[in-house]
Amino acid sequence: MSENKTPLKQPTWRDKLHTLYAGLQRHLVIGKHKLHKKRQAGARASLRWLRAQPIYRQTGRILYELGFEAEYTVVRSYRAVRHGLHALRRFSAIALKFIKQKLVNLKRFLLGDVFRAPAVFVRGMWRIGRNAVAVTKSHGIKFAWEESRANLKRGVKQYAGLIPRTLSFVIPIVTAFLCWGYVKSTLGRNYALAVQVNGETIGYVESENVFESAKTAVSERISYAATAETKWDVEPKYTMASVRNKQELMTEKRMADAILSTSEDQIREGTALYIDGELRRVTTDGKALAEYIEEMKAPHVTDDPNVTVAFNHSVDLVDGIYFNDSFSDINEIMSFLKSDEVKQETYTLVAGDSISLIASKNGLTQAELYELNPGLTSDSKLYPGDTMIVQKQETVLEIRIQKKEVYTEPIHYGTTTKDSNDYQYGIVKTLVEGRDGERQVTAVKTYDADGNILDTQIVDVQTLREPVTKEVVRGTRLPSGSTAQLGGGTLIWPCPGYRRVSRWAVGRHKGVDITGGVGTPIIAADSGVVLKAGMNKAGAGSNYGLSLIIDHGNGTKTLYAHCSALHVRAGESVKQGQHIADLGSTGRSSGPHLHFEIIRNGARVPPQTLFKK
């Protein structure tokens with residue numbers, strides 16, 4: 001008999017994937033558990049090893065001792081604070097008890113000894129007075145008076161023993177108050193120094209410094225003569241004194257006024273004449289001097305608000321106190337203002353100055369200039385910025401008339417030049433003609449009394465018409481064959497526009513002779529530095545006349561000879577095409593021409609090998 005068996009279901013790929021995922025998770029969990037166990041075992045082993053080390057036990061012991069000490073310190077601090085609070089409380093109780101007992105004793109003392117007698121006296125007088133009023137109403141005033149006197153007598157007899165005890169305390173207190181009042185009154189007094197000048201007390205000061213400051217102030221207020229200073233001094237004497245209040249003490253200003261009042265025999269009021277800040281004269285008639293100065297200006301004064309009349313120097317009249325020997329007569333001062341005087345002035349040298357020129361500029365002879373400047377000789381070296389003493393004679397006060405004038409003047413146009421390769425070298429063409437502009441000028445002109453203009457100061461300028469700039473273009477295109485290459489550099493023909501050559505470099509002739517008219521511009525063949533520039537040895541040599549040599553670097557040099565004029569100097573840097581000289585016929589020359597040489601590493605290079613013939 002055959003058995004009926006159900007075939008097994010074949011797993012799908014999902015079942016296989018799920019089984020694989022479940023197996024993976026199981027392995028992960030088991031691996032994680034084993035790793036945790038392994039770590040725990042390692043940690044326990046490390047801890048056992050650490051506990052077996054001597055340092056572990058020592059460290060534990062140290063930490064224990066530190067903790068114990070910290071705890072014990074806290075406990076001790078708490079105990080100390082607690083004992084301190086208990087002690088403070090006991091001390092406070094004792095102190096309060098002591099103070100209370102002292103207050104009680106003081107109360108007994110005051111009521112029993114000090115204030116008992118006054119209290120008994122007041123109380124007794126009150127009773128006697130009240131009884132006298134009652135007796136007066138019943139028996140009359142005479143009987144009341146007799147009874148009151150008898151009662152007072154009995155009271156004094158009964159309480160007489162209290163009076164000495166009260167006075168023994170009252171008298172010291174009263175004495176102390178009297179002494180304090182005396183000391184306060186004494187200290188409250190104002191002590192000062194009495195200042196005596198010439199045997200007379202002129203005031204009181206708080207200290208000697210006040211007098212010295214006042215003396216200095218007086219010296220500043222007193223002006224000295226211009227010719228010779230006058231010595232002035234005051235010698236005070238000081239004595240101690242008391243003043244009723246501080247208002248009697250003098251300030252510096254009041255003391256200065258007092259000092260001046262004692263010096264009337266040496267000083268007096270006047271008017272000083274200052275010219276350019278310098279004291280020149282002092283007069284007693286300042287009003288007359290001011291009127292005379294105004295009269296000097298009067299003939300030139302007009303109603304025109306644009307005209308101002310002044311002097312060649314600033315003039316100031318200052319009222320003040322001056323020494324008697326500094327005063328001058330008013331007529332002498334008037335004559336002085338119109339007189340001529342010689343004043344020394346400083347002259348600053350400028351470029352081109354010489355001894356003769358400086359003397360001529362300042363109206364001196366050379367001998368006078370030498371006399372004014374000791375050490376100056378004809379061989380002295382003069383440099384711009386040096387100074388010399390010169391003198392100039394002029395009137396003390398001269399009239400200066402300042403006029404405000406408005407006028408127009410042209411604004412000259414400028415010229416801008418541009419180089420262009422569109423035009424041949426040497427051609428200059430005007431693109432825009434220039435035209436002058438116009439401006440309005442407001443100026444203050446200064447004239448002397450004769451109408452000669454001395455100075456002009458511009459105060460305002462307004463442009464009425466702008467100028468038109470002239471625009472010029474200059475040709476830079478060189479003719480064919482005017483440029484050449486040498487050693488990596490470019491050379492240009494030194495006389496553009498002039499191609500006629502009288503002789504090339506042949507035999508002993510090392511350069512090219514370019515013919516042209518005298519004054520024809522010569523330009524630098526290339527940029528460089530001028531090595532030599534001058535006649536003969538200062539230039540290229542004795543036969544070359546006025547000549548120059550330019551070093552272009554890289555071993556290249558150029559030579560320009562027989563020039564009529566040089567426009568550069570040795571050591572000067574030049575650019576290619578720069579106007580450096582004018583063609584001429586100096587030195588050994590048969591006619592106007594430029595002798596031009598090219599030198600490369602010390603050897604002459606024939607120009608015809610570089611420039612086309």
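For clarity, every value in this text was computed on a predicted model and none was experimentally measured.
Residues that satisfy the side-chain contact (heavy atoms from CB on, under 4.5 Å) test with Ile523, not counting sequence neighbours, are Tyr425, Ile492, Pro496. In this view, His300 satisfies the ring pair (Phe, Tyr, Trp, His ring centres under 6.0 Å) rule with no residue, not counting sequence neighbours. By the salt bridge (Lys or Arg N to Asp or Glu O under 4.0 Å) test, Glu405 pairs with Lys445, sequence neighbours left out. The salt bridge (Lys or Arg N to Asp or Glu O under 4.0 Å) test applied to Asp419 returns Arg474, not counting sequence neighbours. Partners of Glu332 according to the salt bridge (Lys or Arg N to Asp or Glu O under 4.0 Å) rule, which considers only residues two or more places apart in sequence or in another chain, are Arg281. With sequence neighbours excluded, the residues forming a salt bridge (Lys or Arg N to Asp or Glu O under 4.0 Å) with Glu398 are Arg400, listed by chain and number.
Not one N or O on the side chain of Ser527 forms a donor-acceptor pair closer than 3.5 Å with the backbone of Lys575. At distances below 3.5 Å, not a single donor-acceptor pair connects side-chain atoms of Asp450 with backbone N or O atoms of Asn452. With hydrogens and angles disregarded, a donor-acceptor distance shorter than 3.5 Å links the side chain of Asp276 to the backbone of Ser314. Counting only distance, with no hydrogens or angles, the side chain of Ser547 and the backbone of Ala540 share a donor-acceptor pair below 3.5 Å. Looking at Thr395, its side chain never comes within 3.5 Å of a backbone N or O of Leu397 through a donor-acceptor pair. Judged purely by atom type and a 3.5 angstrom limit, Gln576 uses its side chain to pair as donor or acceptor with the backbone of Ala525. Not a single donor-acceptor pair under 3.5 Å links the side chain of Asn554 to the backbone N or O of Thr556. At distances below 3.5 Å, not a single donor-acceptor pair connects side-chain atoms of Ser589 with backbone N or O atoms of Thr586. Listed for the Ser360 side chain is no donor-acceptor partner under 3.5 Å among the backbone atoms of Leu357. Formation of a donor-acceptor pair under 3.5 Å by the Asn373 side chain with backbone atoms of Ile389 is found in this model.
The line from CE of Met388 to CD of Glu345 is 15.5 Å long, rounded to the nearest 0.5 Å. Distance check: Leu491 CG to Ile598 CD1 gives 5.5 Å after rounding to the nearest 0.5 Å. Taking CG of Leu376 as the reference point, atom CG of Leu369 lies at 5.5 Å (rounded to 0.5 Å). If you take OH on Tyr560 and CG on Leu594, they are separated by 8.5 Å, rounding to the nearest 0.5 Å. Here the straight-line distance linking atom CE of Met334 with atom OG of Ser328 works out to 12.5 Å at 0.5 Å rounding. Rounding to the nearest 0.5 Å gives a distance of 13.5 Å between CD of Gln457 and OG1 of Thr442.
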**Stepwise side chain to side chain contact (heavy atoms under 4.5 Å, CB included) check, Val390 with Thr346** = CA-CA 6 Å; Val390 297; Thr346 301; over 6 Å; no

**Request:** Take Ile550 and Leu531, measure what side chain to side chain contact (heavy atoms under 4.5 Å, CB included) needs, and give me the verdict at the end.
**Result:** CA-CA 6 Å; Ile550 300 176; Leu531 292 181; over 6 Å; no

**Item:** Trace of the side chain to side chain contact (heavy atoms under 4.5 Å, CB included) decision for Ile458 with Val441
**Value:** CA-CA 7 Å; Ile458 306 298; Val441 180; 3.5 Å; yes

**Request:** Check the pair Ile275 / Phe336 against side chain to side chain contact (heavy atoms under 4.5 Å, CB included), numbers first and verdict last.
**Result:** CA-CA 12 Å; Ile275 299 179; Phe336 164 72; 4.3 Å; yes

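Proximity of Leu559 to Phe596: side-chain heavy atoms (C-beta onward) are nowhere separated by under 4.5 Å. Looking at heavy atoms from C-beta onward, Glu597 lies out of side-chain contact with Thr558 at the 4.5 angstrom threshold. Taking the side chain as every heavy atom from C-beta outward, Ser542 and Lys537 never approach each other to under 4.5 Å. Put simply, the side chain of Thr463 reaches to within 4.5 Å of the side chain of Ile411, judged on heavy atoms. For the pair Ile330/Phe327, no side-chain contact is recorded, criterion being any heavy-atom separation below 4.5 Å from C-beta on. With contacts defined as side-chain heavy-atom distances shorter than 4.5 Å, the pair Ile401/Val301 does not qualify. Side-chain contact check for Asp353 versus Tyr347: some heavy-atom pair is nearer than 4.5 Å. In this structure, the side chains of Val530 and Arg569 stay at 4.5 Å or more apart for every pair of heavy atoms.
The minimum heavy-atom distance linking Val396 with Asn312 is given by the pair O-OD1, 3.7 Å. Considering all non-hydrogen atoms of both residues, Tyr413 and Val468 come closest at CB-O, 3.1 Å. In terms of heavy-atom proximity, Asp551 sits nearest to Gly553 at OD1-N, 3.0 Å. Heavy atoms only, all atoms of each residue included: Leu583 and Gly516 are closest at CD2-O, 3.3 Å. When all heavy atoms are compared, the tightest approach of Tyr423 to Val473 is CE1-CG1, 3.8 Å. Of all non-hydrogen atoms in Ala443 and Thr456, the two that sit nearest each other are CB-CG2, 4.0 Å.
Within the structure, every pair that satisfies the salt bridge (charged side-chain N to carboxylate O under 4.0 Å, His left out) test and touches residues 513-533, not counting sequence neighbours, is listed here: Arg503-Asp513. Evaluation of the ring pair (Phe, Tyr, Trp, His ring centres under 6.0 Å) test over residues 536-557, restricted to residues two or more places apart or in two chains, returns Tyr544-His595. Applying the ring pair (Phe, Tyr, Trp, His ring centres under 6.0 Å) test to pairs two or more places apart or on separate chains, none has a residue in residues 431-466. Pairs engaging residues 369-387 under the salt bridge (charged side-chain N to carboxylate O under 4.0 Å, His left out) rule: none recorded [sequence neighbours left out]. Within the structure, salt bridge (charged side-chain N to carboxylate O under 4.0 Å, His left out) pairs that include any residue of residues 458-467 comprise Glu438-Arg465 (at least two apart or interchain). Within the structure, salt bridge (charged side-chain N to carboxylate O under 4.0 Å, His left out) pairs that include any residue of residues 283-295 comprise Glu294-Lys297 (at least two apart or interchain).
Residue Asp448 places its CG atom among more than 12 non-hydrogen atoms of other residues, nucleotides or ligands, all under 6.0 Å distant.
Look at Glu409 and Arg439 and you find a salt bridge, because one of the NZ, NE, NH1 or NH2 atoms lies within 4.0 Å of a carboxylate O, short of that distance.
For the side chain to side chain contact (heavy atoms under 4.5 Å, CB included) test with Leu273, the passing option among Val318, Val315, Asp316 is Val315; the others fail.
Between the side chains of Ser564 and Asp582, not a single donor N or O lies within less than 3.5 Å of an accepting N or O.
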